[in-house]
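Notes follow once the structure below has been shown.
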Amino acid sequence: MDSNQKKFNLYVFLSTFSRNLIEVFIPIILYKFGYSLKEVILYYLIVNLFIVLLVYPSIYIAKKYSNRLLALTGIFSFVLVQYLLTQISYSSFYIIILSFFYAIYRLEYWLSRRFYNLKVIHKKDISNSYSLISIVNQVALIISSYVGALFLDFISIEVLTLISMLLFLFSLFPLYKLKFEHEKNDTKISLIKTIKKIPINNLYIFGAYESINVIKFLFSLYLFIYVKDNYQTIGIMNLLTNLSTIVFAYFYGKKINDKKTNYLSLSIIFMVIVYLLKVSFTTYVLVLIAFLEGIATKMYELSISKEMYSLSKKFEYSNYNLVYELVLSVFRSIILIICYFFVEDLKVMIYIAVFFVFISAFIKYKPLKCKDYEVE
């Protein structure tokens, strides 16, 4: 492991830990304050619509100036989100403002993080490099949500948001110490040209993968409404889910290099089965399901990430990130629009999101042969 990978892993750990202390609980905080299920869904929908509008100017800023500027903007927006969570009020204006700054934080954070992911991961060792980053990310996730739950149940949201902000700010230090050779990049930002070079099958598979975030968002509400109305329940379930992935992620990351087996489709079907089981129970069986969920979602994540990062190496970073983020945000928005306007039942919303993932198991991923942006 080289110096850049070590620094980036530290950045991933600190930023993931600080974010997950409270981020997973935002829909619950809104619901518990008095916002209806539909209003909470609307909040998340507005977030994704803002991201769709902001992704192009964000990519332009990163290309003209630097991805570190994006990371700084994300930090600033994250701090504002934490402050707004301590000043919660029941109004449409509050939801729009919270959604706006949350969208900026999520977009700028992930665009910059994905950029450095692509820079740090070696082209000849994508699976192993990503597996290591995934393990570091998972270690941070294991205890963070449960620690956050304890603070919310027994201390206060003000103390939790302060800790979260400070840790997130501290994560910038290893990020700013990353060193790369200067690359002259005169490639123009071209959304249409880049999209045309990616098979539509691949775009759907990548978009369907993002349904997982919608499912997780909805499941936190499901656990709070149908299982037990406290933060610790969600924290414990997340702890069990993330605990089951660490050793598994390392060995599976090596296994998916075997081209004879379609691990992507297998992982999708396994994950869909687990989620259907999860939404069928409200008893202690959920503990076992949470453990299986960690394995299933990690199989899915590693299988599709191998394809995503392999594809990314064939494109100029800015164009790839633009398409990637836009496809994911549009896909999330479509699912949320269906849920908000046409569905009343939370379980049905989860079924719809799971169905979008299930379809992708039967769509063939097409390796890309791209000459215009191909990395030598």
Side-chain angles (χ1 to χ4, degrees), residues 41-67 69-71 73-74 77 96 99-119 185 187-217 300-301 304-340 352-353 356-357 359-360 363 365-366 368 370 372-374:
I41 299 298
L42 180 61
Y43 150 76
Y44 197 40
L45 172 59
I46 295 173
V47 167
N48 285 283
L49 292 177
F50 272 134
I51 290 176
V52 172
L53 295 175
L54 293 169
V55 62
Y56 192 94
S58 296
I59 290 290
Y60 177 81
I61 290 171
K63 189 171 177 61
K64 186 173 179 61
Y65 300 101
S66 74
N67 279 274
L69 180 58
L70 281 191
T73 306
S77 299
I96 292 173
S99 300
F100 178 70
F101 285 112
Y102 184 82
I104 294 177
Y105 140 64
R106 286 285 297 183
L107 178 61
E108 314 299 52
Y109 171 77
W110 280 108
L111 283 178
S112 58
R113 173 167 163 171
R114 194 174 300 119
F115 170 80
Y116 291 112
N117 251 353
L118 299 179
K119 296 286 282 183
N185 189 346
T187 306
K188 293 182 179 179
I189 299 175
S190 179
L191 173 62
I192 303 301
K193 183 179 179 181
T194 308
I195 285 181
K196 284 182 177 179
K197 289 186 174 294
I198 304 176
I200 193 167
N201 284 14
N202 299 11
L203 292 176
Y204 183 88
I205 289 171
F206 293 164
Y209 168 69
E210 196 57 25
S211 299
I212 295 297
N213 280 331
V214 178
I215 294 169
K216 288 179 179 178
F217 179 89
Y300 187 24
E301 177 192 331
I304 202 165
S305 293
K306 177 179 180 293
E307 308 299 345
M308 287 178 176
Y309 284 108
S310 295
L311 178 64
S312 71
K313 295 299 182 181
K314 297 179 179 291
F315 286 91
E316 184 272 332
Y317 292 122
S318 300
N319 284 288
Y320 177 80
N321 264 335
L322 174 61
V323 172
Y324 182 93
E325 192 60 53
L326 197 58
V327 168
L328 269 55
S329 300
V330 168
F331 212 93
R332 285 193 300 261
S333 298
I334 291 171
I335 295 174
L336 291 165
I337 286 171
I338 294 171
C339 291
Y340 180 76
I352 289 171
F356 273 95
V357 180
I359 293 175
S360 66
I363 295 177
Y365 178 84
K366 297 181 178 180
L368 181 68
C370 175
D372 288 353
Y373 299 129
E374 191 164 4

Compile the donor-acceptor pairs under 3.5 Å between side chains in residues 44-60 and protein atoms, sequence neighbours left out, one pair per line.
| from | atom 1 | to | atom 2 | distance (Å) |
| --- | --- | --- | --- | --- |
| N48 | OD1 | R332 | NE | 2.3 |
| N48 | OD1 | R332 | NH2 | 3.1 |
| N48 | ND2 | Y44 | O | 2.8 |
| S58 | OG | L54 | O | 2.8 |
| S58 | OG | E108 | OE1 | 3.0 |
| S58 | OG | E108 | OE2 | 3.4 |

Drop me the distance from [X]'s [atom1] to [Y]'s [atom2], to the nearest 0.5 angstrom.
X    : Y    : atom1 : atom2 : result
L70  : I104 : CG    : CD1   : 11.0 Å
F217 : I212 : CZ    : CD1   : 15.5 Å
I335 : I41  : CD1   : CD1   : 11.5 Å

Practice item. Describe, in one word, how the ring planes of Y109 and Y105 are oriented to each other, choosing from parallel (under 30°), tilted (30 to 60°) and perpendicular (over 60°). Key: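 Ring orientation, 0 to 90° scale: tilted.
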Practice item. Take V323 and L203 through the test side chain to side chain contact (heavy atoms under 4.5 Å, CB included) and record every step on the way to the result. Key: CA-CA 9 Å; V323 172; L203 292 176; 4.2 Å; yes
Exercise for review: Carefully, step by step, assess L111 and Y324 under the rule side chain to side chain contact (heavy atoms under 4.5 Å, CB included).
Suggested key: CA-CA 10 Å; L111 283 178; Y324 182 93; over 6 Å; no
Check your understanding: Distance-only, no hydrogens or angles: does the S329 side chain make a donor-acceptor pair with backbone N or O of L326 under 3.5 Å?
Key ->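 Judged by distance alone, no pair lies under 3.5 Å.
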Check your understanding: So, S211 side chain and A208 main chain: donor-acceptor pair closer than 3.5 Å or not?
Key ->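 Yes, S211 side chain to A208 backbone: donor-acceptor pair under 3.5 Å.
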Point to revise | Test ring pair (Phe, Tyr, Trp, His ring centres under 6.0 Å) applied to Y204 - qualifying residues, sequence neighbours left out | key: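 Y204 satisfies ring pair (Phe, Tyr, Trp, His ring centres under 6.0 Å) with F331 once adjacent residues are dropped.
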Review point. Does F206 have its ring centroid less than 6.0 Å away from the ring centroid of Y209?
Key: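 Between Y209 and F206, which both carry aromatic rings, the centre distance is not below 6.0 Å.
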**Study point:** V330 vs E325 side-chain heavy atoms within contact, under 4.5 Å
**Key:**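 A side-chain contact under 4.5 Å is absent here.
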